[in-house]
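See below for the structure under consideration.
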Amino acid sequence: MDSFTLFNNYPASTEFYDEMYNGKEIRPPYQKLYEYLKNYPAEELTKKEEMARRLFMSQGVTFTVYSGDEGIEKIFPFDVVPRIITAAEWAYIESGIKQRLKALNLFLNDIYSNQFILKDKIIPTDLIYSCEHYLREMQNLKVPHDIFVHISGIDIIRDHDGTFYVLEDNLRTPSGVSYMLENREITKRIFPDLLPHNAVHTVTQYPQLLYKNLAALSPRQNSNPNIVMLTPGIYNSAYFEHSTLARLMGIELVEGRDLVVDNHRVFMKTTEGLQRVDVIYRRVDDEYLDPLVFKAESMLGVAGLMSAYRKGHVAIVNAPGNGVADDKAVYIYVPDMIKYYLNEEPILKNVPTYKMDDVAEREHVFANMDKMVLKKTNASGGYGMIIGNSATEQEMEDYKREVLLDPRSFIAQPIISLSAAPCYINGSLQPRRIDLRPFALFGPSGIEIVPGGLTRVALKEGSLVVNSSQGGGSKDTWVLTV
């Protein structure tokens with residue numbers, strides 16, 4: 001590499017796949033960005049970084065981290081150097097996600113009706129019935145257009161050899177798409193001359209695509225269905241996203257107290273009286289949706305909502321009960337689902353995963369714990385997991401004891417050396433580990449995936465944890481058109 005300031009000390013490594021630098025030269029997709037940045041003064045890039053921070057602050061682009069009983073609102077750290085994905089790489093990722101979502105949706109339809117996949121012993125029956133997110137209330141409930149997974153965020157990682165893997169499937173109330181949109185807007189503001197010269201796909205059509213899909217689910221055949229976004233409220237960690245998406249789609253942002261059910265139909269309270277609601281894009285978890293069916297103490301949901309849903313008078317997005325399909329223990333069987341339902345080989349691989357309720361697999365994991373990541377099957381946000389090579393002996397022993405108390409609730413995976421991308425940190429470019437969360441929309445007309453996604457970054461040197469709640473950040477994601 002040329003010995004310019006920003007790239008002067010950029011390290012080459014054989015431990016991970018570097019998205020920009022192959023150890024000898026700049027990879028072709030990054031060449032234009034490299035030419036742009038190589039003569040860029042570090043102090044100017046620092047000014048761009050500060051401008052981005054101020055823009056995020058002024059626009060309220062935040063998330064909430066909970067510590068004890070308190071919620072601390074933070075700006076989502078943003079790295080100014082974009083992550084670039086080639087057209088060919090994106091075509092591969094897109095086809096793999098579409099295949100996976102088709103199989104997962106067929107699985108949810110099956111598991112809540114005939115359960116052929118259990119009868120044919122492809123998946124153990126007790127695995128499904130022991131899942132805390134399997135909802136018996138959804139059994140034999142006909143969902144509109146047979147679609148359970150309307151909105152998903154599939155986490156993709158890249159190993160040291162450049163192979164893409166699916167790390168997990170987020171099928172309940174996936175978050176992060178607002179940061180994808182904001183990251184692009186910030187990039188336009190701080191580098192107005194950069195995007196037009198790099199043939200980058202736009203992502204700004206996401207709200208319009210989402211609205212189109214939501215409207216198509218309306219049980220009433222009217223040209224202007226009443227769609228609402230149901231939020232738990234301002235103290236939820238993703239409230240910024242809820243309000244942003246509602247504003248961009250031009251729909252009402254409501255809380256449970258704003259809705260009422262009468263005669264198995266949902267209505268929104270307004271100053272002009274009750275208005276019928278056709279579609280609810282809910283960001284409230286299953287167990288809080290309806291106090292008459294789930295948690296009786298819930299103040300976040302709407303009494304009678306499940307009755308209206310069962311009668312077909314309202315559409316709920318995503319459908320309740322999806323958690324059984326993104327349980328990390330069920331994740332192991334997604335390749336089998338693809339073969340069973342689609343008669344196809346999986347395009348995107350799973351990360352090798354060990355079941356901790358299998359004695360032989362558990363013993364193998366315990367014997368090699370320094371090479372493993374152990375996770376709770378229903379935790380998210382980077383919580384409830386341990387990375388063996390960065391844990392103390394005592395932490396590993398404590399975690400083993402926790403696993404033995406309830407092995408079904410844990411899985412283990414070998415530590416994957418996530419790929420890295422250049423990040424601007426302390427006045428120089430340094431590689432930091434990344435993942436990718438593309439957002440897929442499954443509507444009556446098929447699956448659409450906006451070319452891009454949320455690239456999350458482990459900002460701490462050496463860290464593999466990209467979650468914002470654990471100190472991670474994000475960067476704009478460019479998918480090239482050619």
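This structure is a prediction, so every number in the text was calculated from the model and none was measured. For this chain, numbers begin at 1 and follow the sequence in order.
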Measure the CG-CD1 distance between Leu441 and Ile449 for me, rounded to the nearest 0.5 Å.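 Going from CG on Leu441 over to CD1 on Ile449, the span is 9.0 Å.
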Rounded to the nearest 0.5 angstrom, the CG-CD1 distance for Leu104 and Ile338 is 7.5 Å
Salt bridge (charged side-chain N to carboxylate O under 4.0 Å, His left out) involving Arg257 - partner list, sequence neighbours excluded: Glu255
Show the numbers, then the answer: is there a ring-ring contact (aromatic ring centres under 6.0 Å, His included) between Phe107 and Tyr333? CA-CA 11 Å; Phe107 165 72; Tyr333 294 92; 9.4 Å; no
Is it true that a side-chain atom of Asp155 and a backbone atom of Leu167 form a donor plus acceptor pair closer than 3.5 Å?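 Checked: no pair found.
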If you count the non-hydrogen atoms of other residues, nucleotides and ligands that lie under 6.0 Å from [atom1] in [X], is the total more than 12?
{"X": "Glu44", "atom1": "CD", "answer": "yes"}
{"X": "Asn426", "atom1": "CG", "answer": "no"}
{"X": "Arg27", "atom1": "CZ", "answer": "yes"}
{"X": "His145", "atom1": "NE2", "answer": "yes"}

Does the cation-pi check pass for Arg158 over Tyr92, that is, NZ or CZ under 6.0 Å from the six-membered ring centre and within 45° of its axis?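 That pair does not qualify as a cation-pi contact.
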Over 60° means perpendicular and under 30° means parallel, so classify the ring planes of Phe410 and Tyr399, tilted if in between. perpendicular
Can a salt bridge be assigned to the pair Asp327 and Arg408 using a cut-off of 4.0 Å between side-chain N and carboxylate O? yes
